[in-house]
Amino acid sequence: MINFVEELRWRGMIHDVMPGTEELMLKEMVTAYVGIDPTADSLHIGHLVGVMMLRHLQRCGHRPVVLVGGATGMIGDPSGKSQERNLLDEPTLRHNQECLKNQLAHFLDFASEIPNKALMVNNYDWMKEFSFLGFIRDVGKHITVNYMMAKDSVKKRLSGDGEGMSFTEFTYQLVQGYDFLQLYREHNCKLQMGGSDQWGNITTGTELIRRIAGGEAYALTCPLITKADGGKFGKTEQGNIWLDPERTTPYQFYQFWINVSDADASRYIRIFTLRDRQEIEALEAEHAQAPHLRLLQKALAHDLTCDVHSEADYNSAVEASEILFGKGTTETLRRLDEKTLLSVFDGVPRFNVAPAVLSDGCNVLDLLATHTTIFPSKGEARRTMKDGGVMINREKVTEETVITTQNILNNRYLLAQRGKKNYYLVVVADE
RNA sequence: GGGGAGAUUCCAGAGCGGUCAAAUGGGGCAGACUGUAAAUCUGUUGGCGCAGCCUUCGGAGGUUCGAAUCCUCCUCUCCCCA
């Protein structure tokens with residue numbers, strides 16, 4: 001049995017671990033779980049740390065359990081800034097759960113008949129029938145309010161001059177703790193993992209298991225993923241980076257990882273890929289020699305894009321990136337067939353312009369600021385052009401440039417570019 | 001209830017009768033440099049038919065040849081005393 005705790009340790013994925021965990025996991029196959037809120041029908045990369053913990057767990061020969069927080073997700077965890085949530089109706093909940101499972105299947109083996117095959121459970125299943133009286137009698141009486149109030153997440157909310165905390169939120173740790181107890185009883189689950197902000201909630205669970213079941217359970221938390229520049233991990237101006245290709249295209253997903261800063265790349269590659277220590281250290285040495293090649297970012301982007309999407313998606317993302325950031329010219333653009341063109345610019349904002357607009361030629365200013373909203377005003381478009389920041393079909397334009405039907409690619413498209421990174425696809429068609 | 005301070009362009013914050021589309025800083029955008037990075041430097045940052053014109057300085061009126069700047073009322077914010 002591979003030493004799971006050691007594996008996470010060198011990867012920098014351990015923030016805190018309860019004494020005895022490592023010994024236990026060397027001795028026997030351990031069932032461990034991570035909770036995920038089913039608030040959407042897709043995971044985003046913020047979830048990936050927990051997923052990777054489970055993935056390593058399974059690879060080390062232990063049994064991973066994903067707990068979908070159908071019940072707890074309705075309450076809202078007071079750890080962190082979360083606000084109280086809306087109730088999900090059951091069909092939505094089930095739908096989300098299915099979608100999450102499909103995504104998780106890229107990382108965890110739910111299917112094979114192996115002793116440590118992954119399992120997914122939903123706490124809504126055991127919480128929905130639990131009556132309030134039942135809960136306070138069977139669970140609540142084993143934990144003192146004093147104990148609950150000593151948790152950091154609670155103390156912060158009680159002391160600060162913030163909004164205070166509702167009873168519902170206060171109860172959250174008990175509900176989560178009960179989940180752990182339930183899994184302990186049903187599946188002999190002895191370990192709960194999560195982000196470092198979950199420590200308090202997890203230990204409420206181990207406490208319940210000790211008091212109610214007389215059992216021994218453990219906790220392991222991972223540091224919260226940060227960015228070297230202080231920004232929030234996994235967020236871009238466009239919002240979350242999702243695993244669902246409908247929400248975040250494979251190209252955007254790939255780009256996210258390619259653009260990770262050097263300072264973060266070393267940490268991320270340990271956390272988000274399965275590469276072993278030797279290989280990573282070799283890569284780092286190479287990267288230090290030739291940082292401009294960005295080997296770490298490329299390895300990260302490769303592994304994740306292939307894991308989450310597919311090899312083919314990875315290849316077209318690389319191809320798209322070469323066209324966009326490489327030596328792509330009007331000529332290369334003209335050579336692209338419609339299908340490739342569309343896949344390269346999938347997810348790029350689109351604008352529709354009637355063919356009549358171009359038939360007699362149209363000044364770029366009007367095209368970019370009147371017929372489309374690529375620029376909010378002509379003044380701004382003019383200024384950016386003066387700086388050489390506007391390109392049509394990858395050719396710089398000035399305010400005198402006139403766009404005609406001659407410029408159209410594949411009978412339908414114009415590629416407008418604002419600065420180096422902002423692309424817009426103008427579709428020339430009646431609609 | 002009494003007294004005081006204030007409301008300025010994305011934000012912070014100058015301006016206190018003409019020279020104000022409004023200093024300066026931040027942020028944004030673009031350019032150079034680069035590795036699609038960081039740092040740095042440069043330009044730009046109300047709109048338009050752009051050497052000119054139009055709309056902006058909490059709201060409504062007024063004084064004046066002329067107001068972001070002065071007066072009146074209103075709305076809101078902050079501070080101090082009850």
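Excluded from the calculations below are hydrogen atoms, water molecules and symmetry mates; all remaining heavy atoms, backbone and side chain alike, are included. Every chain is numbered from 1, with letters handed out A, B, ... down the list of sequences.
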- prompt: Looking only at atom C1', what distance separates B:U75 and B:G61, rounded to whole Å?
  reply: 15 Å

Answer for the Watson-Crick or wobble partner of B:G35, both distances under 3.5 Å, is none

Rounded to whole Å, the CD-P distance (A:E380 to B:G28) equals 14 Å

Under 4.0 Å, counting only non-hydrogen atoms across every strand here, what does A:D366 touch: a base, just sugar-phosphate, or nothing?
nothing

Taken to the nearest whole Å, CG/A:L324 to P/B:U36 is 12 Å

From NZ of A:K378 across to C1' of B:G46 the rounded distance in Å is 16 Å

If pairing means Watson-Crick or G-U wobble with both distances under 3.5 Å, then the partner of B:C16 is none

Exercise for the section: Check whether any side-chain heavy atom of A:V66 sits under 4.5 Å from a side-chain heavy atom of A:F107, and report yes or no. Expected result: no

Counting only N and O atoms by type, is there a donor-acceptor contact under 3.5 Å from the side chain of A:Q297 to the main-chain atoms of A:V260?
yes

Partner of B:G1 under the Watson-Crick or G-U wobble criteria, both distances under 3.5 Å, comes out as B:C81

Atom CG of A:N422 and atom C1' of B:C29 are separated, to the nearest Å, by 9 Å

Whole-Å distance, A:H287 NE2 to B:A37 P, equals 13 Å

### Message
Would you measure the distance from the P atom in B:G17 across to the matching atom in B:G13 and give it in whole Å?
### Response
22 Å

Q) Within the side chain of A:N363, is there an N or O that forms a donor-acceptor pair under 3.5 Å with the backbone of A:E399? A) yes

Checking N1-N3 plus N6-O4 or O6-N4 for Watson-Crick, or N1-O2 and O6-N3 for wobble, each under 3.5 Å, the partner of B:C70 is B:G62

Re B:C29: Watson-Crick or G-U wobble partner, both distances kept under 3.5 Å, found to be B:G43

- prompt: Taking atom C1' in both B:C70 and B:C57, what distance in whole Å separates the two?
  reply: 16 Å

Exercise. With C1' as the reference atom in both, quote the distance from B:A12 to B:G6 in angstrom, rounded to an integer.
Key: 15 Å

Comparing nearest nucleotides in RNA chain B, the 5'-proximal residue of the pair A:Y254, A:A369 is A:Y254

Minimal heavy-atom distance between A:D37 and A:L100, with the atoms involved, is O-CD1, 4.5 Å

Rounded to whole Å, the CZ-P distance (A:F325 to B:G35) equals 15 Å

Separation of B:A38 atom P from A:R294 atom CZ, nearest Å, is 10 Å

When you compare the side chain of A:Q173 with that of A:V154, does any pair of heavy atoms fall below 4.5 Å? yes

Note to self: For B:C50, does the base pair up with any side-chain atom of A:R382 as donor and acceptor (N or O, under 3.5 Å, distance only)?
What the structure shows: yes

Rounded C1' spacing from B:U72 to B:A82 in Å: 29 Å

- If you measure from the P atom in B:G49 to the same atom in B:G27, how many Å do you get, rounded? 32 Å

For B:C76, the nucleotide meeting Watson-Crick or G-U wobble distances (both under 3.5 Å) is B:G6

Between A:K396 and B:A30, does any side-chain N or O lie under 4.0 Å from OP1 or OP2?
no

Practice task
Pick the P atom in B:G28 and in B:C11, then give their distance to the nearest Å.
Solution key: 15 Å

Checklist line | Donor-acceptor pair (no angle test) under 3.5 Å: A:Q255 side chain, B:U36 base | finding: yes

B:G47 OP1/OP2 closer than 4.0 Å to side-chain N/O of A:S377:
yes

Only residue of A:H187, A:R63, A:Q192 satisfying side-chain hydrogen bond (donor to acceptor under 3.5 Å, both in side chains) with A:Y33 is A:Q192

Of the candidates B:U36, B:A37, B:C29, the side chain of A:R418 sits closest to B:C29

By the Watson-Crick or G-U definition, both distances under 3.5 Å, B:A21 is matched with none

Check whether any side-chain nitrogen or oxygen of A:N259 sits under 4.0 Å from OP1 or OP2 of B:G35, and answer yes or no. no

Flag the pair A:L300 / A:T273 as yes when at least one side-chain heavy-atom distance between them is below 4.5 Å, and no otherwise.
yes

Open item on the list: Regarding A:R383, tell me which of base, sugar-phosphate or nothing describes its non-hydrogen contacts under 4.0 Å with the strands shown.
Closed with: sugar-phosphate

In whole angstroms, the gap separating P of B:A30 from CD of A:Q417 amounts to 11 Å

Could you tell me how far B:G62 sits from B:G52 if I compare only their P atoms? Round to whole Å. 31 Å

**Asked** Has A:K420 got a side-chain N or O lying under 4.0 Å from the OP1 or OP2 atom of B:C33?
**Response** no

